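Keep in mind it's a predicted model, so treat the numbers as computed, not measured.
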Amino acid sequence: MSTLKIFRNVAVAEGISYIALIFIAMPLKYFADMPLAVKYTGWVHGLLFVLYMIFLIMSWMEYKWNFKKVFLIGGASLLPFAPFWVDKKLKEDNSNKSW
């Protein structure tokens with residue numbers, strides 16, 4: 001499996017974990033008094049975020065992406081739903097050099 005394919009999979013998993021953290025675990029913590037929901041979901045999300053950054057750097061080096069592209073993809077990890085956009089753009093981008 002290529003670095004890019006792994007990165008795309010990690011991006012989707014990271015996006016799902018972020019949405020679960022914000023829209024499921026946080027409400028459970030504050031409205032249902034279940035702080036462990038945030039603890040475990042946050043731990044998983046943190047691990048996936050680190051993997052996202054590692055595979056972003058690996059893809060940057062392997063595919064010789066420009067800094068603008070790397071900056072946009074890295075910034076996308078901070079916004080809910082944006083990692084899904086990253087996955088879509090990387091799937092569409094056959095040359096992996098545009099943006």
Side-chain angles (χ1 to χ4, degrees):
M1 188 178 287
S2 73
T3 305
L4 186 61
K5 179 67 174 162
I6 296 170
F7 177 61
R8 288 182 48 226
N9 290 337
V10 169
V12 169
E14 194 269 343
I16 291 168
S17 73
Y18 196 15
I19 291 168
L21 180 63
I22 292 173
F23 296 110
I24 297 171
M26 295 291 285
L28 285 174
K29 178 180 179 177
Y30 292 108
F31 300 120
D33 195 30
M34 297 176 65
L36 289 180
V38 169
K39 180 179 180 178
Y40 295 118
T41 308
W43 187 87
V44 170
H45 172 67
L47 176 65
L48 288 167
F49 178 79
V50 170
L51 287 173
Y52 184 98
M53 290 301 165
I54 288 170
F55 280 100
L56 173 60
I57 292 167
M58 289 173 63
S59 296
W60 181 14
M61 295 164 78
E62 184 174 334
Y63 297 103
K64 310 278 191 268
W65 290 342
N66 63 45
F67 185 75
K68 177 186 172 190
K69 182 174 185 172
V70 174
F71 183 77
L72 288 172
I73 293 172
S77 70
L78 304 175
L79 303 170
F81 302 102
F84 304 114
W85 172 79
V86 167
D87 177 54
K88 180 181 177 204
K89 291 293 283 184
L90 290 175
K91 186 176 182 179
E92 292 172 353
D93 186 17
N94 292 329
S95 69
N96 297 316
K97 296 195 187 267
S98 64
W99 291 23

Check your understanding: Of I54, D87, I73, I57, which meets side-chain contact (heavy atoms from CB on, under 4.5 Å) against F7?
Key -> I73
Between atom [atom1] of [X] and atom [atom2] of [Y], what is the distance when rounded to the nearest 0.5 Å?
X	Y	atom1	atom2	result
F49	L21	CZ	CG	12.5 Å
T41	K29	OG1	NZ	11.5 Å
L28	M26	CG	CE	11.0 Å
M34	I24	CE	CD1	11.5 Å
L90	Y63	CG	OH	9.5 Å
N9	Y52	CG	OH	13.0 Å

Closest non-hydrogen atom pair, [X] against [Y]:
X	Y	answer
P83	S77	CG-CA, 4.4 Å
A25	A37	CB-O, 3.5 Å
M58	T3	CB-CG2, 3.9 Å
G74	M53	O-CE, 3.8 Å
A76	V86	CB-CG2, 3.4 Å

Point to revise | Residue pairs fulfilling ring pair (Phe, Tyr, Trp, His ring centres under 6.0 Å) with at least one residue in residues 12-38, sequence neighbours excluded | key: Y18-H45
Practice item. Check side chain to side chain contact (heavy atoms under 4.5 Å, CB included) between L36 and all other residues, then give those that pass, not counting sequence neighbours. Key: K39, Y40
Review point. Who pairs with I6 by side chain to side chain contact (heavy atoms under 4.5 Å, CB included), at least two apart in sequence or on another chain?
Key: M1, V10, F55
Look at the side-chain heavy atoms of Ile, Leu, Val, Met, Phe, Trp and Tyr, link any pair under 4.5 Å apart, and say whether [X] and [Y] land in one connected group.
X	Y	value
V50	M61	no
W85	L4	yes
I22	I16	yes

Check your understanding: Can any side-chain N or O of S59 pair as donor or acceptor with the backbone N or O of L56 at less than 3.5 Å?
Key -> no
